[in-house]
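By convention in this document, chain letters (A, B, ...) are assigned in the order of the sequence lines, proteins followed by strands, and residues within each chain are numbered from 1. Everything quoted here is computed from the prediction, not taken from an experiment.
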Amino acid sequence: MTPPRRHGTPDLVFTDDGPLLVRGPVVVELPDGSRVRSDRPVSALCLCRRTRRPPFCDTSHRRKVREGER
Amino acid sequence: MNRPELPAARGLLSEAVLAFLRGELLGLAVAEEAEAADPWGEDLQLALYCCYELHYRGFADVPDDLEWNPDLLGARAGMERAFLAALRAEVPDGDAAKSDAAKSDAAELADVIDALLVEPVDAHGVSHHLRRDGEVWQVREYVAHRSLYHLKEADPQAWVIARLDGPAKAALVTVEHDEYGGGDPARMHAHLFAEMMRSLDLDATYGAYLDAAPAPVLAEVNLMSLCGLHRSLRGALVGQFATVELTSSPGSDRIVRAMRRLGLPEQAVEFYAEHVEADAVHEQLVRRGVIAPMVAAEPELARDIVFGIRASTLLADRTDAMLLRSWGSGRSALRRPLADSPA
Ligand code: FES
Ligand SMILES: [Fe+2]
Ligand SMILES: [Fe+2]
């Protein structure tokens, strides 16, 4: 059996619950043409479109519950 | 580096430890006092905090070498035993704590983490209170309390680096690097916190609010120091770190909103605004990058991570309850109220 092809550490990671993780400093262009820079070692870009800090994830994708049904 | 002044004693145990640190005693034997003291109380938590501070910055006029003094280490060990026993009593370990005894430790850990990732809409913690109807003096008191940790932010977790390996180590260092400003000292989270304190007219000197801080706040920092300094508690340290990183983003957003509603200056808002964004990333890195490979390599650590999560949640809830109780009755929550606090 051939071993699975190995790649290096990914630069982009799609999470199952929320954002897209991007490695390295990034400059992101928004739909209105404005640009935002993140110097973090990893940034989380919002894919759910609920964030109040676009283009970055602010955990607004989290499931909301009433206390008691946790 | 600025070293804090020794605090005032809060009982027999802390009085003995402080006298020893001041060089007034030849030896220190407090095993009985440590056993007799209330493990949640002001006296033990302050004495333990002072023992730990020797591993961070030490104190003004206290010899650096006392960090490894056998009498102090012995006293510390006695207090740690009492504190850990009290935590274990409140946070049941292993099968007893599970909803279903047949559940694997890894499944239990996954459930405990999932519970931290939902947002209760009708919760009433301190950040909810501040957002809805907090007052300026309460925001200032909150920040003064939190300064005990945030002026050494990320330091207790740095101790665990040498105790990790491979991907978990790389991911934890990535988070820590961001906590330390990614190489820019002006972006270090501890520095942003100090800037916030100054803009709120608080004393940003390291240790300035030690005398003012009540036991529940000291206990939260003591848990981090305890787990950071003991390799046997490295799983618990990661659990503690995860609890902060997983819950901080929404909580920080509520404080940002509280500060904006109260018209506080933008330099004050910056610390929590930064944490909304940073901890949305750190959450992902800690879960995927640190915990997953750690548990894959050493499955027996799952239990300890769960303990760390439950213990830090318990201590955070105790602080929340203490703050809300004091504020609810119109009182300052600090042992030494600020100028604008009610007495
Ligand atoms: S993906 Fe997290 S807020 Fe949208
Ligand atoms: Fe931080
Ligand atoms: Fe963080």
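At a 4.5 Å heavy-atom cutoff, the contact between A:Arg40 and chain B is made by backbone and side-chain atoms alike. Of the atoms belonging to A:Thr15, heavy atoms from both backbone and side chain fall under 4.5 Å from chain B. For a residue to count as touching a neighbouring chain, one of its non-hydrogen atoms must lie under 4.5 Å from one of that chain's; by this rule A:Asp39 does not touch chain B. Proximity to chain A is absent for every atom of B:Arg187, based on heavy atoms less than 4.5 angstrom apart. Within the 4.5 angstrom heavy-atom criterion, no atom of B:Ala170 approaches chain A.
For the pair B:Ala273 and A:Arg53, the tightest heavy-atom approach, listed with the atom from each and the gap, is O-NE, 4.4 Å. Closest approach of A:Val65 and B:Asp122 over heavy atoms only: O-OD1, 4.2 Å. Heavy-atom minimum distance, B:Val281 versus A:Val42: CG1-O, 3.3 Å.
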| side-chain contact (heavy atoms from CB on, under 4.5 Å) between A:Arg52 and B:Val256: does it pass, once the steps are laid out? | CA-CA 12 Å; A:Arg52 273 177 281 119; B:Val256 167; over 6 Å; no
| said: Checking A:Arg63 against B:Asp114 for the salt bridge (charged side-chain N to carboxylate O under 4.0 Å, His left out) test, could you report, in this order, the C-alpha distance in whole Å, the side-chain angles of both residues, the deciding distance, and whether it holds? | reply: CA-CA 10 Å; A:Arg63 194 161 56 86; B:Asp114 281 350; over 6 Å; no
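Chain A forms the most heavy-atom pairs under 4.5 Å with one residue out of B:Arg288, B:His177, B:His282, B:Glu283, and that residue is B:Arg288. The candidate from B:Asp279, B:Asp253, B:Val175, B:Thr174 with the greatest count of non-hydrogen atom pairs under 4.5 Å with chain A is B:Asp253. Most heavy-atom pairs under 4.5 Å with chain B, from the set A:Val13, A:Asp17, A:Leu21: that is A:Asp17.
Taken from CD in B:Glu119 to OG in A:Ser60, the straight-line distance is 9.0 Å, to the nearest 0.5 Å.
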